[in-house]
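Proteins come first, then strands; the chains are lettered A, B, ... in the order of their sequence lines, and each starts at number 1. Since we're looking at a predicted model, the values are computed, not measured.
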Amino acid sequence: MEIAIDSSNTQKFTKASDSTTADLASKSIIDLLGNTQIQKAEIDGLIVSSSTNDSYLGNIVSEMVGIRPKFSTRVENLCNSGTSGVMLAYSLIKSGLCKAVLVTGVEKQNSQGNKLTWDRSRGVYDMPIHWAALYAQNHFRSYGTTEEDLAIISLKNHANANKNINAYFYDKQFTYSSIVNSKMVVEPLKKFDCCYPCEGSSSLLVLSEELAKRTEIPIWIKGISQNNQGASFASISKNLGSIISTRIAARDAFQQSNLRPQNIDIVEIHDAFSILELLAYEDIGFVEKGQGRKFMQESTLYTNVRGGLLGCGHPIGATGIDQTNEIVLQLQGKGGLRQKKGCKSGLVHNMAAAGTSTTVIVLQK
Amino acid sequence: MKLMDIIINSAEKDNLITTYCFSCNIHIWPPNRYCNSCFKKTGFRKIDRKGVLLEKSFSNLPDLIGHYGVGDFSGIRLIGSVDPSILPNDRIRISQVSVKDNKLNLEFSKSKIKN
């Protein structure tokens with residue numbers, strides 16, 4: 001049985017508002033339900049992906065939107081929460097337990113998910129930028145990558161966000177100069193090499209083949225895989241040249257899909273820091289290790305068209321859902337101002353906590 | 001008492017320890033009550049202060065301004081401030097152990113032992 005994604009919705013990413021986590025999730029679901037051929041009564045699964053500590057959130061949101069599903073829960077996997085929810089929905093449908101599962105990703109700006117407090121092994125250097133900068137230094141030293149290369153990635157993603165009304169930086173114009181000359185935070189990463197933690201919600205509907213055939217343009221999940229290497233930076237820092245979880249998740253997702261990196265037309269990459277986009281080019285397999293900067297300059301692959309985490313902001317649980325929605329919209333031809341022509345296959349890359357965990361989803365029209 | 005609290009209390013006395021599997025003969029970091037390989041109960045053991053710097057950078061964050069890096073010590077990775085002259089792959093030693101805001105605060109210096 002094939003599994004598809006049909007409808008999607010994303011609310012504008014913002015600074016902290018008065019809305020509760022449940023309010024944000026409900027608004028996104030209500031807007032999605034207004035734009036799908038699937039009836040509310042047919043939805044038999046509801047998953048809320050979030051790093052909030054709000055108890056019983058799946059059932060609270062179910063009640064707020066008037067759905068009485070067979071299965072409801074909250075999924076927490078830090079920055080990888082969103083696509084972890086998609087993977088659970090896929091599994092529920094594949095097993096035959098459910099036929100239509102709503103997945104909503106949501107986060108408040110002050111989420112506890114912005115920092116992994118469990119990992120006290122990092123000592124006083126416990127801010128995420130400290131591990132990201134070590135990955136960057138390693139790439140610079142090994143392959144000659146430069147601050148200017150990272151600024152080009154940041155500029156591309158911020159410019160893409162100017163075409164995405166839901167992006168946090170939708171109406172802020174960046175120049176190469178404003179990015180490359182921004183304040184150095186931890187060498188070589190500057191202010192605009194780093195994503196902005198914000199608030200937001202995003203939803204999608206995962207369907208069985210039978211229900212998907214009733215929809216206008218179903219987008220099929222051809223491959224979905226996750227790999228987890230632990231939780232601490234200490235558990236993975238022996239090899240700073242590569243994100244191992246990404247390599248394994250991508251390999252397995254491609255194997256399941258019978259597709260290869262060269263078959264992918266458009267990709268959403270988890271660019272929480274600009275260096276992570278460069279590493280992902282290599283670890284997903286679009287290019288050989290060390291060739292990321294060359295790939296960035298020469299490739300025709302569409303990358304982070306919605307604006308990435310750098311341009312959209314990063315509402316932890318909502319990010320993976322919005323990344324998936326972007327690929328769905330692009331493959332459906334509903335990308336609006338940022339629609340890219342001729343996209344048939346797309347890929348989502350969503351990860352967490354220094355790259356200890358990655359999910360990769362391969363989607364096809 | 002939480003394992004990390006025991007380690008922090010010990011570090012306040014300049015004694016750097018972590019959990020150790022006496023069956024597999026490996027240090028375990030972050031600390032764990034059980035070895036995740038053989039599942040036997042762990043004990044505590046001093047961390048070897050001699051290691052190798054894997055990578056380094058410079059932080060401009062308030063209270064942390066300066067060079068820092070990640071080093072490998074007896075198979076476990078620790079993060080600490082580093083002397084600016086130290087380069088990746090250099091032999092290092094943990095020259096100072098302290099606690100700041102209930103967090104481990106380590107300093108790495110160049111080891112006098114040659115490669």
OG (Ser237(A)) and CD1 (Ile76(B)) are apart, to the nearest 0.5 Å, by 10.0 Å
Check whether any side-chain heavy atom of Leu61(B) sits under 4.5 Å from a side-chain heavy atom of Val186(A), and report yes or no. yes
Under 4.5 Å to a heavy atom of chain B? For Lys183(A) that would be neither
Of all heavy-atom pairs linking Gly80(B) and Tyr125(A), the shortest is C-CE1, 3.8 Å
When every non-hydrogen atom of Gln137(A) is compared with those of Ser57(B), the smallest separation belongs to NE2-OG, 3.4 Å
Indicate yes or no: at least one non-hydrogen side-chain atom of Pro88(B) is less than 4.5 angstrom from one of Arg141(A). yes
* **NZ (Lys100(B)) with more than 12 external heavy atoms under 6.0 Å** => yes
When the 4.5 angstrom heavy-atom criterion is applied to Leu54(B) and chain A, the contacting part is both
The interface call for Asn36(B) against chain A, heavy-atom contacts under 4.5 Å, is neither
| Arg120(A) versus Asn102(B): any side-chain heavy-atom pair under 4.5 Å? | yes
| message | Would you say that Val124(A) contacts Asn105(B) through its side chain, given a criterion of any heavy-atom pair below 4.5 Å between the two side chains? | response | yes
Per-residue tally against chain A (heavy atom, under 4.5 Å) across Val99(B), Asp101(B), Ile79(B) peaks at Ile79(B)
OG of Ser235(A) to CH2 of Trp29(B), rounded to nearest 0.5 Å, is 13.0 Å
To the nearest 0.5 Å, atom CD of Glu55(B) lies from atom NE2 of His139(A) at 12.0 Å
**OP:** Count the heavy atoms belonging to other residues, nucleotides or ligands that lie under 6.0 Å from CG of Asn25(B), then report whether that count exceeds 12.
**Re:** yes
All heavy atoms of Asp126(A) vs all of Lys103(B), minimum pair found to be OD2-NZ, 2.9 Å
Under a 4.5 Å heavy-atom criterion, the part of residues 4-23 of chain B in contact with chain A comprises Met4(B), Asp5(B), Ile8(B)
One should read off an interatomic distance between Tyr68(B) OH and Arg122(A) CZ, to the nearest 0.5 angstrom, of 11.0 Å
Next item on the list: Return yes when atom OH of Tyr176(A) has more than 12 non-hydrogen atoms of other residues, nucleotides or ligands closer than 6.0 Å, and no otherwise.
Entry: yes
Contact list (residues 127-136 of chain A to chain B, heavy-atom gap under 4.5 Å, by number) returns Met127(A), Ile129(A), His130(A), Ala133(A), Leu134(A)
